[in-house]
2 protein chains.
Amino acid sequence: MLRTRLATAAVAIPLLVWIIAWNPWSLFAWLVGSAALVGVTEYFAMAFPDDRIDRAFGIVAGALVVVAMVVPSHELSGMALSGVVMAGLILALARNDDLHRGVVAVGTTMLGVLYVAFLLPHYVWMHGLQDPEKLGGAAGGWRWVVLTVVIAMAGDVGGYFGGRYFGKRKLMPEVSPGKTVEGTFGAFAANVAGAVFCKTVFFHALTAGEVLGFAVGVGSLAQVGDLCESMLKRAFGAKDSGWIIPGHGGVLDRIDSLVFPAPLVYYYARFFFHH
Amino acid sequence: MLRTRLATAAVAIPLLVWIIAWNPWSLFAWLVGSAALVGVTEYFAMAFPDDRIDRAFGIVAGALVVVAMVVPSHELSGMALSGVVMAGLILALARNDDLHRGVVAVGTTMLGVLYVAFLLPHYVWMHGLQDPEKLGGAAGGWRWVVLTVVIAMAGDVGGYFGGRYFGKRKLMPEVSPGKTVEGTFGAFAANVAGAVFCKTVFFHALTAGEVLGFAVGVGSLAQVGDLCESMLKRAFGAKDSGWIIPGHGGVLDRIDSLVFPAPLVYYYARFFFHH
């Protein structure tokens, strides 16, 4: 299990760095868009294991929003969101079997659309940010992407080893049985190390306060986002979100800690940095 | 009942025309924002009659999205939507009582946020549209608002009288017992009359095809949106959405036919007219 994970990581990490930092914007959009599409499929397979119509509608609705988000266009995203909430309600109305079940299903669909198809593509918006004039005006959005991914992924690793060597008290056993309080502290230590690494290597423009703020903000949202994905799986009665990456469960299981930090970093960068 | 309705209409319609067509943008934003806020309160009172925490969270989440929408800002709206979906999941995780119930409640919350707080304020965006250069570049967004409201409201009246004098076959008795197939035809006839009226009086720039297209598009979405609001009430086991307007049930009951046409008209105007 650990060996498979390490082998996957050895292939995936250099590929990711190349795509994020040295590649044309469009390839990154394809990468995030594809991950979001697989995530949408996994979410709706978990949410509607027995209802093919709801599952198919959810996947189509999520795919529409993903495409509109990675284009990327605020207007098209708003149009896609408007369209899918109306289409979802109209579908429930047209089926007209059990109104309460139908409305609850629309709600579950909208949650999946927002959680996967809306939140995750914020990485594409982040990647497209231009540096402000005083910093040269170059396409520096990739820095925010790498910063977020490094902090969150460092936290995953720190949490794993912190839990493995010091783990005693369970954090939330009914949601995620493997997680420990000690692992949480390991994750925070690694979050800070990851943020300092990013400032040192490629993101000198960050202040010390921002480094600490992102370590804590991204780190907390990464850990809470991870727990929320586990909660969704338990709520829907699923074990893994899918089987696409060897040794890693589904794509949602892999990226769960990346979803929540994306809007935090994007809107911070957009409003306080790139204006 | 009919007399109360007519009296309310006699006060409300001139006031509406004044606010929509002759008033500063900000007053219109306040009007739509207030209606959306009351609508949000009504939705969550219906959706969570017994759970005060979920109801309070839904109202706060909806209010945040309404404010971000009427500011109006695409960026802030995206931020508010991202924030509420994460906060909703985190709330369910923190309560950690019945995970399935919690996740379903987040879904119901997101449906309400999108249905009321996101869709309705598209009227504010519509109102803010500038005419294209070739038509003078003036602030002509009010025309789209009046066009949409006139077509939808004409349809409500046409449906009422069509059903009253010719109504025989029930349309969807399990969702909305009063509606008839004949009323639907009356509504469509009134939709076309309303659209022609708008073109003649203040919207000469519309082509004949657009007049017919808006009559059918807005009219259909108005009627389907009305049925969807009835479906939500039945699904949640409520009778009226609220009691704020004398003789008219709640605000949601009054504006149900206005919600769905808003995004259709806004995005059409935005992409095909005001570019």
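What's counted below: heavy atoms across the whole structure, side chains too, no hydrogens, waters or symmetry copies. Reminder, nothing fancy here: chain letters follow the sequence lines and each chain counts from 1.
- Contact tally against chain B (heavy-atom pairs below 4.5 Å) for A:Gly107, A:Gly225, A:Ala105: the top residue is A:Gly107.
- Two residues are said to be in side-chain contact when any heavy atoms from C-beta on lie closer than 4.5 Å; A:Met79 and B:Phe271 meet this criterion.
- A:Phe260 and B:Leu89 get closest at one heavy-atom pair: CZ-CD1, 3.8 Å.
- At least one side-chain heavy atom of B:Val103 sits less than 4.5 Å from a side-chain heavy atom of A:Phe236.
- Interface residue B:Val224: backbone and side-chain heavy atoms are both found under 4.5 Å from chain A.
- In this structure, B:Met86 and A:Pro263 approach most closely via the heavy-atom pair CE-CG, 3.9 Å.
- With contacts defined as side-chain heavy-atom distances shorter than 4.5 Å, the pair B:Leu93/A:Met172 qualifies.
- For the set A:Val113, A:Thr108, A:Val175, A:Asp98, the count of heavy-atom pairs under 4.5 angstrom toward chain B peaks at A:Val175.
- Considering only heavy atoms from C-beta on, A:Leu111 stays 4.5 Å or farther from B:Thr109 through its side chain.
- Proximity to chain A is limited to the side chain of B:Asn96, based on heavy atoms less than 4.5 angstrom apart.
- Contact annotation: the side chain of A:Tyr266 approaches that of B:Glu75 to within less than 4.5 Å [non-hydrogen atoms, C-beta and beyond].
- Both the backbone and the side chain of B:Ala92 come within contact range of chain A, each with at least one heavy atom under 4.5 Å from a heavy atom of that chain.
- With a 4.5 angstrom heavy-atom cutoff, B:Phe118 touches chain A only via side-chain atoms.
- To the nearest 0.5 angstrom, A:Leu99 atom CG is 7.0 Å from B:Met231 atom CE.
- Of the atoms belonging to B:Ile90, heavy atoms from both backbone and side chain fall under 4.5 Å from chain A.
- The two residues A:Ser82 and B:Tyr267 come nearest to each other via the heavy atoms OG-CE1, 3.8 Å.
- With respect to chain B, the highest number of heavy-atom pairs below 4.5 Å among A:Arg101, A:Met110, A:His74 belongs to A:His74.
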